[in-house]
Amino acid sequence: EYRDRFRGRVIFPIFSLTGRVVAFGGRTVTDAEPKYLNSPETPLYSKGKLLYGLNFTKDAIRKEGTAILVEGYTDFSSLYQAGITNVVASLGTALTPWQVGQVVRFAARLVVNYDGDSAGRTAAARAVPLGFEKGLSIDVLVLPDDLDPDAFLRKHGRDKYLALMKKTVTGLDFLVDALSAGVRMDIPEEKGKAARAVVREIEKVPDPVARSEYLRRASAKLGVGEELLRNIVEHRVESNSPEETGLFCPAEKRLFQILMG
C-alpha cells in the first residue's frame, strides 16, 4: 500500500541559499505527529545545514543587523507577511552550529523566538551556547501564554509583537535561568556547581573582552563574586572537568539535558 508522505499537511518548498528548491516540508493540519515533516535528506538537502527562508530575507537581515529565528514555516510566513522580514526558521529541528554560521554571514545579532512552551524554551536554551561559540550577540524572546509567533501575531497583531521585541532577554540571563531551574541556590554546594555550569558556557565566547563582560554579568546574576568566577575559568584549564570526575549537580544535569535534547 502506498501513502502520501505529506498527507494531511500543508506543503512548503525548501530553498537553498541561492533560491533553488531542494526539498519539501509539511506542517500538519490534523494535529498529527511530528508537527513538521521534511523530505528525506539527500546530497542536496540536509536540514541541519539550511535555514528556511534565508534566500528571501538575507538582505533584510543584513540591513537590520539582526536575524529573528523561529521554529517553523508558518511562524516564518506570518512574520514575513506582517512586514517583519529579517526572519529565518530552523526547519523544526534543533539549531546546529552550521545554521548559526549561516546567520553570522549576515548579522551580528540573533533573536531566538521559538514556541513559548516548555519544549520551545529548552530549544532556546540549547541555541544560546551555539551563539556564544560563533561570537553572536544572542537574545531570547519568549511569547506569553505558551504561544508560537504565528498564533501570537494572529491573536495580538504586528504592533504588539514589535513591542515585545524591545523587551528581549539576553542570552546569558536566559541561560542562567534555565540552568538554575530546580536548583537550590540557597545550598552553597549546589550554587557553586550551578556557577560552574554557567561558566562552562561563557568559556565558549571567543572574544576575550565579551567573555570578560559575560563573567561580570553572570557574577551579578548569580550573586557570586566576579573574581571567583574568573578563578573557576583558570582552575578548569588546569584540572579535570566535572564530567570527567563524575560530579554532577542538578544544574549540570540540566545543562546536559539542554545540550543533548
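By convention here, the first residue in the shown sequence is residue 1.
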Trainee: List the atom pairs, donor and acceptor, that lie under 3.5 Å between side-chain atoms in residues 61-69 and the rest of the protein, sequence neighbours left out.
Mentor:
unit_1	atom_1	unit_2	atom_2	d
R62	NH1	D59	OD1	3.1
T66	OG1	R109	NH1	3.4

Trainee: Do M185 and S180 touch side chain to side chain, with heavy atoms closer than 4.5 Å?
Mentor: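 Yes, side chains in contact.
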Trainee: V199 versus L215: any side-chain heavy-atom pair under 4.5 Å?
Mentor: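 Yes, at least one pair of side-chain atoms sits under 4.5 Å.
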Trainee: Any heavy-atom pair between the side chains of F152 and D145 that's under 4.5 Å?
Mentor: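 A side-chain contact under 4.5 Å is absent here.
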Trainee: Going by side chain to side chain donor-acceptor pair (under 3.5 Å), name the residues that satisfy it together with N55, two or more places apart in sequence or in a different chain.
Mentor: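 Scan of N55 (side chain to side chain donor-acceptor pair (under 3.5 Å), adjacent residues dropped) gives none.
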Trainee: So, for E41 and S46, which heavy atoms are closest and what is the spacing to 0.1 Å?
Mentor: OE1-OG, 3.3 Å
Trainee: May I ask whether W98 and V88 are part of the same hydrophobic cluster, defined by side-chain heavy atoms of I, L, V, M, F, W, Y residues being less than 4.5 angstrom apart, directly or through others?
Mentor: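 No, because W98 and V88 fall into different hydrophobic clusters, even though each may have its own neighbours under 4.5 Å.
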Trainee: Taking 4.0 angstrom as the limit, do K193 and E190 come out as a salt bridge?
Mentor: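 No, K193 and E190 are not salt-bridged.
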Trainee: What pairs of donor and acceptor atoms, side-chain ones from residues 12-27 against any protein atom, are under 3.5 angstrom apart with sequence neighbours left out?
Mentor:
unit_1	atom_1	unit_2	atom_2	d
S16	OG	T18	N	3.4
S16	OG	T18	OG1	3.0
S16	OG	R20	N	3.2
R27	NE	T74	OG1	3.3

Trainee: Less than 4.5 Å apart, any side-chain heavy atom of V111 and any of M165?
Mentor: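 In contact.
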Trainee: Would the distance check show the side chain of R9 and the main-chain N or O of K35 forming a donor-acceptor pair, the cut-off being under 3.5 Å?
Mentor: yes
Trainee: Salt-bridged, R211 to D207, with N to O below 4.0 Å?
Mentor: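 So R211 does not pair with D207 through a salt bridge.
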Trainee: What distance separates D146 CG from D115 CG, expressed to the nearest 0.5 Å?
Mentor: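 Output value for this atom pair is 9.0 Å.
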Trainee: Does a side-chain heavy-atom distance below 4.5 Å link V198 with L175?
Mentor: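 The answer is no; the side chains never approach within 4.5 Å.
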Trainee: Could you tell me which residues satisfy side chain to side chain donor-acceptor pair (under 3.5 Å) with E226, sequence neighbours excluded, listed by chain and number?
Mentor: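 Scan of E226 (side chain to side chain donor-acceptor pair (under 3.5 Å), adjacent residues dropped) gives R230.
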Trainee: State whether E201 and K204 are salt-bridged, where the test is any N-O pair (Lys NZ or Arg NE/NH1/NH2 against Asp/Glu carboxylate O) under 4.0 Å.
Mentor: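 Counted as a salt bridge, because a side-chain N and a carboxylate O are separated by less than 4.0 Å.
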Trainee: Could you report the tightest heavy-atom contact between F174 and A124, atom names first, then the distance?
Mentor: CE2-CB, 3.8 Å
Trainee: List the steps and the verdict of side-chain contact (heavy atoms from CB on, under 4.5 Å) for E213 and R217.
Mentor: CA-CA 6 Å; E213 177 63 14; R217 294 182 183 183; 3.1 Å; yes
Trainee: Please find the pair of heavy atoms, one from A195 and one from V224, that lie closest to each other, and give the distance.
Mentor: CB-CG2, 4.5 Å
Trainee: Does K191 come within less than 4.0 Å of D186, counting only side-chain N to carboxylate O?
Mentor: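 Not counted as a salt bridge, because no side-chain N and carboxylate O are separated by less than 4.0 Å.
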Trainee: Has S77 got a side-chain atom pairing as donor or acceptor with Y73's backbone, closer than 3.5 angstrom?
Mentor: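 A pair under 3.5 Å: yes.
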Trainee: Nearest heavy-atom pair of A210 and V205: which atoms, and what distance?
Mentor: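 The pair with the smallest heavy-atom distance is CB-CG1, 3.9 Å.
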Trainee: If you apply the rule side-chain contact (heavy atoms from CB on, under 4.5 Å), what do you find for V112 with V128, and how did you get there?
Mentor: CA-CA 8 Å; V112 180; V128 171; 5.8 Å; no
Trainee: Does a side-chain heavy-atom distance below 4.5 Å link S39 with F6?
Mentor: yes
Trainee: Minimum heavy-atom separation for A218 and I202, please, with both atom names.
Mentor: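 Scanning both residues completely, I find the closest heavy atoms to be CB-CD1, 3.7 Å.
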Trainee: When you measure from the side chain of S90 to the backbone N and O of L95, does any donor-acceptor pair fall under 3.5 Å?
Mentor: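 A pair under 3.5 Å: no.
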Trainee: Restricting to non-hydrogen atoms, name the atom on A107 and the atom on L136 that form the minimum distance, rounded to 0.1 Å.
Mentor: O-CD2, 3.5 Å
Trainee: Nearest 0.5 Å please: distance from the CG atom of L228 over to the CG atom of L222.
Mentor: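 CG of L222 is found 11.5 Å from CG of L228.
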Trainee: Just to verify, what does Y161 make a side chain to side chain donor-acceptor pair (under 3.5 Å) with, not counting sequence neighbours?
Mentor: N113
Trainee: Rounded to the nearest 0.5 Å, what separates atom CD in Q99 from atom CG in L54?
Mentor: 10.5 Å
Trainee: Is there a donor-acceptor pair closer than 3.5 Å between any side-chain N or O of R126 and the backbone N or O of R121?
Mentor: no
Trainee: Report, as yes or no, whether the 6.0 Å neighbourhood of atom NZ on K221 holds more than 12 heavy atoms from other residues, nucleotides or ligands.
Mentor: yes
Trainee: Do side-chain atoms of D173 reach the backbone of V169 as a donor and acceptor pair under 3.5 angstrom?
Mentor: no
Trainee: For the residue pair F76 and Y80, categorise the inter-ring angle as parallel (less than 30°), tilted (30 to 60°) or perpendicular (more than 60°).
Mentor: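 Rings of F76 and Y80: parallel, under 30°.
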Trainee: CZ of R105 to NZ of K134: how many Å apart, nearest 0.5 Å?
Mentor: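 Atom-to-atom, R105:CZ and K134:NZ are 12.0 Å apart.
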Trainee: Report yes if some heavy atom in the side chain of L229 is under 4.5 Å from a heavy atom in the side chain of N231; otherwise report no.
Mentor: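 Counting from C-beta outward, L229 and N231 never come under 4.5 Å.
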Trainee: Contact between L141 and L164 at the side-chain level, heavy atoms closer than 4.5 Å - yes or no?
Mentor: yes
Trainee: To the nearest 0.5 angstrom, please state how far the NZ atom of K58 sits from the OG1 atom of T85.
Mentor: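 Result: 14.0 Å between the selected atoms.
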Trainee: If the condition is side chain to side chain donor-acceptor pair (under 3.5 Å), which residues does D75 pass it with, not counting sequence neighbours?
Mentor: none
Trainee: Measuring from atom CG of L79 to atom CG of D150, what distance do you get when rounded to the nearest 0.5 angstrom?
Mentor: 8.5 Å
Trainee: Start with the C-alpha gap between E33 and T28, add the side-chain angles, then the distance that decides, and say whether side-chain contact (heavy atoms from CB on, under 4.5 Å) holds.
Mentor: CA-CA 8 Å; E33 293 292 338; T28 181; over 6 Å; no
Trainee: Testing the 3.5 Å rule here: is there a donor-acceptor pair between the side chains of Y114 and T122?
Mentor: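 Side-chain D/A pair, Y114 to T122: absent.
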Trainee: Give a yes or no on whether D4 atom CG has more than 12 heavy-atom contacts from other residues, nucleotides or ligands under 6.0 Å away.
Mentor: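 Yes, enclosed.
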Trainee: Kindly indicate, with the supporting measurements, whether the criterion salt bridge (Lys or Arg N to Asp or Glu O under 4.0 Å) is fulfilled by R200 and E203.
Mentor: CA-CA 5 Å; R200 189 175 306 123; E203 287 177 329; over 6 Å; no
Trainee: Out of curiosity, does V10 fall in the hydrophobic cluster containing L153 (side-chain heavy atoms, cut-off under 4.5 Å, transitive links)?
Mentor: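 Yes.
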